[in-house]
Number of protein chains: 2
Amino acid sequence: MTTKTGGGQVPAGYDPSRFPAFAVTVDVVILTMSGGRLHVLLVRRGVAPYKGMWAIPGGFKRPTETLGEAAKRELAQETGVDSASLLTQFGAYGDPGRDPRMNVVTVAYLAVIREVGAVVAGTDAAEAALIPVSEALNEQIELAFDHAQIVRDAVERVRADLDLTGIATAFVGPTFTLAELRTVYEAVWGVQLDGANFRRSVVTVDGWVIPTGRRARPGAPGGKPAELYRAGRMWKYSSPIRRSQPNERRKADS
Amino acid sequence: MTTKTGGGQVPAGYDPSRFPAFAVTVDVVILTMSGGRLHVLLVRRGVAPYKGMWAIPGGFKRPTETLGEAAKRELAQETGVDSASLLTQFGAYGDPGRDPRMNVVTVAYLAVIREVGAVVAGTDAAEAALIPVSEALNEQIELAFDHAQIVRDAVERVRADLDLTGIATAFVGPTFTLAELRTVYEAVWGVQLDGANFRRSVVTVDGWVIPTGRRARPGAPGGKPAELYRAGRMWKYSSPIRRSQPNERRKADS
DNA sequence: AGGGTAACAGTCGTGACGACCAAAACCGGA
DNA sequence: TCCGGTTTTGGTCGTCACGACTGTTACCCT
């Protein structure tokens, strides 16, 4: 903040009430994996403007709380999740007219939660749903306000974070198989990864995933039961998997 | 933004005036290279609070402008630079009490400009100076408000951007030698890069730097004159140089 | 003219990574 | 119980990126 040091306006000891008033809100883009696809939690607006349209959850920031606390509160209200399940601020939006009623600046947060069937439990009357991001962004669904842009930015952020932090572990449960973890990368990046190579990259990094003794029950088609891992302490510092360039050069055409 | 969909408060058709009022400001962390070191532009506050302390430039957002426009305006006011010399939003800060006078939420921008001696020209009476970030953050200088944290975050952001975009070219002039460009990486990352390897990495990437025919005049100690390059179009998509792990293994100690 | 310095060119060895193959371990059905 | 299908897991191999290092070119200054 700070007052202009020079520049003329608001010189010395200005009146604290002589500034444009804004409403400050916090919006949370809640992402999760479901059925191998990336989903975003949207709620249907019950009031004007944009009544009946889908939007991301959010609300006013209170003067007594920090931005992060406000985001945490909104997340808990909407999903019941109150753990520190990864809440990252990724942008602020304040275009004039983005809210037709008044001047609103919103600070956007990205929340990653693991697949939960009871996500909508925390919400009351208003409709809420997990929508695949591919549908939410492909003009199939028109989002309220500038929320389409906000969701786009959130997805871009998680894509970037995926190869420089271990944010992928936030998508899966406290214990997971390597195949589960792999689907996170594949869904978010839209690529196909080799299971064996993925395993090697992840396991060789010390302190990233820790094998529990147990094994997961194979699914319907059978297969060798996979070992269950839990996230190590290195997950927030580095990523074992790096997104390669589009890397066109399949040897297939030979 | 959006009103809470449920949750009780502010139900249907609420009064637009029933929300906590905030002041919204935009602060700009202006970084540049000077003498092989990373510098930040600070201004000395002329009014209370924190009168006489150093702070980063900033000011109120106007309801008729976007956040980016406000940042651009502040940057121009402070430096005279009005070109699109890289202006990136990187954070919002709204802790209660961060401004003792009122509720202020600030949106922080990072601006990278090339070394200019006349940076302070745009400013009037108020004192302004380029301070090495190492001094500005090492408790040598106490910054006003939470500006120390904001500068720390800005530096962290530019460090990260350096190996996934070509932000380094924003530090140098429209035409530059590879050694110049290399000092940017070395100063921001605090590492030492081999000139020959750096050259290979940068030049082999197609469309990143484009050789002009001309050559730079060698400095005082002589040496072969370096070729002058200009930034290609790929600079905003990828980086030819990646920051390796701390990578301890210098053979120097032998 | 010669020493110093910096840009530029090339070599070499290590290691990371993707493509690929094969064994192990489980499923379901015949 | 045997067998094909499926998934995990372990291993090999070739390519290539990259750091370390050496040598050459072209300018400075004295």
Side-chain angles (χ1 to χ4, degrees), chain A residues 36 163-164 172 175-183 185-186 189 191-206 208-209 211-229 238-254, chain B residues 36 163-164 172 175-183 185-186 189 191-206 208-209 211-229 238-254:
Chain A
D163 71 347
L164 48 89
V172 297
T175 174
F176 51 87
T177 69
L178 294 186
E180 270 183 89
L181 193 64
R182 182 162 49 90
T183 61
Y185 287 89
E186 292 180 335
W189 282 344
V191 296
Q192 192 104 1
L193 300 176
D194 180 73
N197 293 332
F198 180 85
R199 164 181 205 74
R200 186 160 39 97
S201 300
V202 170
V203 175
T204 55
V205 175
D206 191 81
W208 218 82
V209 289
T212 77
R214 304 174 308 161
R215 311 193 145 272
R217 276 196 51 249
K224 181 175 178 176
E227 175 138 26
L228 284 174
Y229 292 84
S238 65
S239 169
I241 305 288
R242 297 192 86 85
R243 171 167 48 170
S244 55
Q245 321 300 41
N247 198 0
E248 295 318 311
R249 189 158 30 84
R250 289 283 175 278
K251 59 160 269 188
D253 54 357
S254 78
Chain B
D163 69 348
L164 47 90
V172 298
T175 175
F176 51 88
T177 69
L178 293 187
E180 269 183 89
L181 192 63
R182 183 162 48 89
T183 61
Y185 287 89
E186 292 179 336
W189 284 344
V191 296
Q192 192 107 358
L193 300 177
D194 180 74
N197 294 331
F198 181 84
R199 163 179 207 73
R200 186 160 38 101
S201 301
V202 170
V203 174
T204 54
V205 176
D206 190 82
W208 218 83
V209 289
T212 75
R214 304 173 311 162
R215 312 194 142 271
R217 274 196 51 248
K224 180 175 179 178
E227 174 137 28
L228 284 174
Y229 292 85
S238 64
S239 169
I241 305 288
R242 298 192 86 85
R243 171 168 46 169
S244 53
Q245 321 301 42
N247 200 356
E248 295 318 312
R249 190 155 32 88
R250 287 280 175 280
K251 57 160 267 184
D253 53 356
S254 79

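Each chain gets a letter, A, B and so on, in the order its sequence line appears, and its residues count up from 1.
Residues satisfying the salt bridge (Lys or Arg N to Asp or Glu O under 4.0 Å) test with Arg182(A), not counting sequence neighbours, are Glu186(A). The side-chain contact (heavy atoms from CB on, under 4.5 Å) test applied to Pro221(A) returns no partner, not counting sequence neighbours. Annotation: side-chain hydrogen bond (donor to acceptor under 3.5 Å, both in side chains) contacts of Arg215(B) (sequence neighbours excluded): none. For the side-chain contact (heavy atoms from CB on, under 4.5 Å) test, residues two or more places apart in sequence or in another chain that qualify with Pro218(B) are Pro225(B). Under the side-chain hydrogen bond (donor to acceptor under 3.5 Å, both in side chains) criterion, Asp194(B) pairs with Asn197(B), sequence neighbours left out. Residues meeting the side-chain contact (heavy atoms from CB on, under 4.5 Å) test with Ser201(B), sequence neighbours left out: Ile241(B). Shown here are the ring pair (Phe, Tyr, Trp, His ring centres under 6.0 Å) partners of Phe198(B), two or more places apart in sequence or in another chain: Tyr185(B). Take Arg217(A) and apply the side-chain contact (heavy atoms from CB on, under 4.5 Å) test, not counting sequence neighbours, and it matches no residue.
The distance from atom CZ of Arg182(A) to atom P of dT9(D) is 10 Å, rounded to the nearest whole Å. Between Arg243(A) atom CZ and dA16(C) atom P the separation is 22 Å, expressed in whole Å. We find that CG of Leu181(A) is positioned 12 Å from P of dT8(D), with the value rounded to whole Å. For the pair Gln192(A) CD and dC20(C) C1', the interatomic distance rounds to 15 Å; values are reported in whole Å. To the nearest angstrom, P of dT9(D) lies 6 Å from OH of Tyr229(A). Computed from coordinates, the Tyr185(A) OH to dG18(C) C1' distance equals 17 Å when rounded to whole Å. Residue Glu227(B) contributes atom CD, which lies 14 Å from atom C1' of dA9(C) at whole-angstrom precision. Leu193(B) has its CG atom 13 Å from the P atom of dA7(C), to the nearest Å.
A heavy atom closer than 4.0 Å to some atom of DNA chain C occurs in Asp194(A), Ala196(A), Asn197(A), Arg200(A), these being the qualifying members of residues 194-204 of chain A.
Annotation for Thr212(A) and Glu227(A): closest pair O-OE2, 2.6 Å, computed over non-hydrogen atoms. For the pair Thr175(B) and Glu180(B), the tightest heavy-atom approach, listed with the atom from each and the gap, is O-OE2, 4.5 Å.
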_Within the 4.0 Å limit for protein heavy atoms, which parts of nucleotides 22-30 of chain C are touched? Write it as a string from 5' to 3', B for base, S for sugar-phosphate only, - for none._
--BBBSS--
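Axis angle, first five pairs versus last five pairs of the helix from dA1(C)-dT30(D) to dA30(C)-dT1(D): 10°, rounded to 10°.
Taking 4.5 Å as the limit, every side-chain heavy atom of Val202(B) sits out of range of all side-chain heavy atoms of Tyr229(B).
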